[in-house]
Amino acid sequence: MDQILQMTYLWLKAGHIIFVIFWMAGLFMLPRYYIYHQEADAGSPEETRWIDREAKLRKIILTPSLIVVWVLGLALAWTIGGFDQGWFHTKLVLVLALSAYHGWLVAYGKKLARGEQGLSGKRLRLLNEVPGLAAALIVVLVILKPF
Ligand code: HEM
């Protein structure tokens, strides 16, 4: 029985990390797409192609990865009793912030698709630091469990 539980935990963790990678990749790509999208002429075929690429990235990569990371992450937390541990509370705050950033990016893309102009390319490039910073802090928390 112990061995089954241990194997389940390891498979959950492997799945969790695989989908974290997909989610992060999508979060890094989407603002890049927005930069190219904003540089295309309004109403041009190129703009239409960017709108289409953004929608596909959301549908195929970002939304499914977000859901799977959360489901497997919560299952892991339940398995290891994470809800009683300080590092996990901090990780939850960071992951909630990252999920809110994800939601904001999606809303921004819908605005762009309606033809509303948004942030400058420079601002979007700066925003791309957000998931990198959050991921670094989260990985340190889960590996070192400092509290
Ligand atoms: C979305 C909500 C998330 C929840 C609820 C969650 C929860 C968890 C839990 C409970 C563990 C097991 C820790 C252990 O066994 O010691 C874990 C492992 C891990 N998580 Fe998450 N996580 C989430 C998102 C993320 C994100 C966004 C990242 C990275 C950017 C991440 C990176 C990792 C890594 C690298 C491990 C493996 C640590 C080890 O080797 O033990 N997680 N996660």
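Whatever order the structure lists them in is the order used to number ligands and atoms, beginning at 1. No hydrogens, no waters, no symmetry mates; every other heavy atom, side chains included, goes into these values. Index from 1, following the sequence.
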Give the residue and atom name of whichever protein heavy atom lies nearest to atom 9 (C) of ligand 1, and the separation in Å to one decimal.
Leu76 CB, 3.7 Å

Approximate separation, where rounding is to 0.5 Å, of Lys56 NZ and Leu62 CG:
15.0 Å

According to the interplanar angle, ranging from 0 to 90°, do the rings of Phe22 and Phe19 count as parallel (below 30°), tilted (30 to 60°) or perpendicular (above 60°)?
perpendicular

May I ask you to identify the nearest protein heavy atom to atom 20 (N) of ligand 1, giving residue, atom name and distance to one decimal place in Å?
Lys91 NZ, 2.7 Å

Quick note on ligand 1: atoms under 4.0 Å from a heavy atom of Ala135 include exactly 30 (C)

Using a cut-off of 6.0 Å, state whether more than 12 heavy atoms not belonging to Trp78 lie near its atom CH2.
no

Please find out if less than 6.0 Å separates the ring center of Tyr36 from that of Tyr33.
no

Do Thr63 side-chain atoms and Lys59 backbone N/O form a donor-acceptor pair below 3.5 Å?
no

Can you pull out the closest protein heavy atom to atom 29 (C) of ligand 1? Residue, atom name and distance to 0.1 Å, please.
Val20 CG1, 3.3 Å

Provide, to 0.1 Å, the distance between atom 34 (C) of ligand 1 and the closest protein heavy atom, together with that atom's residue and name.
Val142 CG2, 3.6 Å

Using a 4.0 Å heavy-atom threshold (strictly under), name the region of Ile17 that reaches ligand 1: side chain, backbone, both or neither.
side chain

Among protein heavy atoms, which lies nearest atom 15 (O) of ligand 1, and at what distance?
Tyr9 OH, 2.3 Å

closest protein heavy atom to atom 2 (C) of ligand 1 is Val95 CG1, 3.1 Å

N/O of Trp23 under 3.5 Å from N/O of ligand 1, yes or no?
no

So, regarding Trp87 and ligand 1 (criterion: nitrogen or oxygen to nitrogen or oxygen, under 3.5 Å), is there a contact or not?
no

Parallel, tilted or perpendicular for Phe83 and Phe88, by the 30°/60° rule?
perpendicular

Which of the atoms of ligand 1 are close to Val69, meaning less than 4.0 Å from one of its heavy atoms?
1 (C), 24 (C)

Lys145 atom NZ, over 12 foreign heavy atoms within 6.0 Å
yes

Ligand 1 atoms nearer than 4.0 angstrom to some heavy atom of Lys145 are 14 (C), 16 (O)

For atom CD of Glu116, decide whether the heavy atoms of other residues, nucleotides or ligands shown that lie under 6.0 angstrom number more than 12.
yes

Number the atoms of ligand 1 from 1 as they appear, then name those within less than 4.0 Å of a heavy atom of Leu74, with their elements.
5 (C)

For the NE2 atom of His102 and the CZ atom of Arg58, what is their distance to the nearest 0.5 Å?
8.5 Å

Between ligand 1 and His16, is the shortest N or O to N or O distance under 3.5 Å?
yes

If you have a sec, work out which protein heavy atom is nearest atom 5 (C) of ligand 1 and how many Å separate them, to one decimal?
Gly73 C, 3.4 Å

Closest protein heavy atom (residue, atom, distance) for atom 10 (C) of ligand 1:
Ala77 N, 3.2 Å

Under a 4.5 Å side-chain heavy-atom rule over Ile, Leu, Val, Met, Phe, Trp and Tyr, are Val20 and Leu137 clustered together?
yes

